[in-house]
Amino acid sequence: MTASRTDLPADATVAVRHPDAPAPGTVLPAHYAHCFGCGAAERHGLHLAIVAGEGVEVTATFEVTEHHQGAPGLAHGGLLASALDEILGMLGHLTRMSCVTARLETDFRRPVPVGSTLHLRSRADGVAGRKLYASAEGRLGGTDGPVAVRARALFVQVGLEHFAEHGRPEDLEAVARDPRLIGVPDYTVNP
Ligand SMILES: CCCCCCCC/C=C\CCCCCCCC(=O)SCCNC(=O)CCNC(=O)[C@H](O)C(C)(C)COP(=O)(O)OP(=O)(O)OC[C@H]1O[C@@H](n2cnc3c(N)ncnc32)[C@H](O)[C@@H]1OP(=O)(O)O
């Protein structure tokens, strides 16, 4: 098999948990109240409650409902990829790197029925310059259940200007009026 663009490069170093990262077991604050993955204010969102683990690892549970269907009674694959993207992105809470997804590779191993609970886990595999390599999985029914979905991802560290330059003005203005919409402490752009 050829090398994937999410393979850890030879010069990668171990991802380090920031000394001020929330303690293991802490429910991580939504990074943005209107985030589709974790925001409480987003009526149609996934509302993932994401918990800090040991090292650079986070976990979450995802209750799959009738609102998440692709085929009758089964979860939509793109939506499962969104849940994986979200718990991968939340690793930034532990590294204090503000990152965006550059590449997300997803394997769908088993169908995920409506009514099931998906146990999600992500971990940072390594860092090379601005690039954070990470992987995630979702298991059915329990943390030791069968793997239904798996992902490998490359995140790229960006400064806050990334959001300021590209975001829609009215949403940025809403954040300026109410900074509590952003639930991350001062992100360190160059840790
Ligand atoms: C005032 C308001 C303040 C607001 C504050 C908000 C705080 C929020 C905090 C935290 C947010 C957490 C959010 C989590 C949510 C879940 C995660 C998402 O869904 S994120 C959304 C989806 N993703 C995107 O929209 C990215 C779109 N893409 C881009 O913007 C650019 O392409 C970007 C930033 C990824 C890279 O662009 P470049 O110009 O900065 O850098 P280049 O040189 O192109 O890439 C850097 C390195 O990465 C490699 N690279 C880039 N893309 C790659 C790819 N697809 N595959 C392989 N390698 C790639 C390149 O080859 C390069 O590698 P070499 O340094 O040369 O070794």
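Both ligands and their constituent atoms are indexed starting at 1 by order of listing. Scope of the values below: all heavy atoms of this structure, side chains included, with no hydrogens, waters or symmetry mates.
Atom 35 (C) of ligand 1 has its nearest heavy-atom neighbour, among Ala102, Gly167, Gly129, Pro9, in Ala102. Counting only non-hydrogen atoms, the option in Gly92, Cys99, Cys38 that gets closest to atom 12 (C) of ligand 1 is Cys99. For atom 20 (S) of ligand 1, the choice among Leu104, Asp85, Ile182, Thr101 with the nearest heavy atom turns out to be Thr101. Summarising the contacts of atom 62 (C) of ligand 1 with His166, Glu161, Lys131, the nearest heavy atom is found in Lys131.
Counting only residues at least two apart or on different chains, the ring-ring contact (aromatic ring centres under 6.0 Å, His included) pairs with a member in residues 154-182 are His162-His166.
For ligand 1, the atoms closer than 4.0 angstrom to any heavy atom of Arg103 are 55 (N), 56 (N). Those atoms of ligand 1 with a heavy atom of Val156 less than 4.0 angstrom away are 35 (C), 48 (O). Under a 4.0 Å criterion applied to the non-hydrogen atoms of Val158, ligand 1 contributes the atoms 34 (C).
Between Asp107 and Arg152, none of the side-chain N atoms (NZ, or NE/NH1/NH2) sits under 4.0 Å from a carboxylate O, so this pair counts as no salt bridge.
Taking a 4.0 Å cut-off on heavy atoms, Leu154 registers as neighbouring ligand 1. Under a 4.0 angstrom heavy-atom cut-off, Met90 registers as lying outside contact with ligand 1.
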Please table the atom pairs, donor to acceptor, closer than 3.5 Å between any side-chain atom in residues 8-16 and protein atoms at least two apart or in another chain.
{"unit_1": "Thr13", "atom_1": "OG1", "unit_2": "Val127", "atom_2": "O", "d": "3.3"}

*Applying side-chain hydrogen bond (donor to acceptor under 3.5 Å, both in side chains), run through Glu105 and Ser4 and close with a yes or a no.*
CA-CA 9 Å; Glu105 297 172 359; Ser4 157; 2.5 Å; yes

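Residues Ile50 and Thr59 form no side-chain contact, since every pair of their non-hydrogen atoms from C-beta on lies 4.5 Å or further apart.
An N or O contact shorter than 3.5 Å is missing between Glu86 and ligand 1 by distance.
Contact record, Glu86 with Cys35: OE1-SG, 3.2 Å, taken as the closest heavy-atom pair. Shortest non-hydrogen contact noted between Leu104 and Ala151 is CD1-CB, 4.0 Å.
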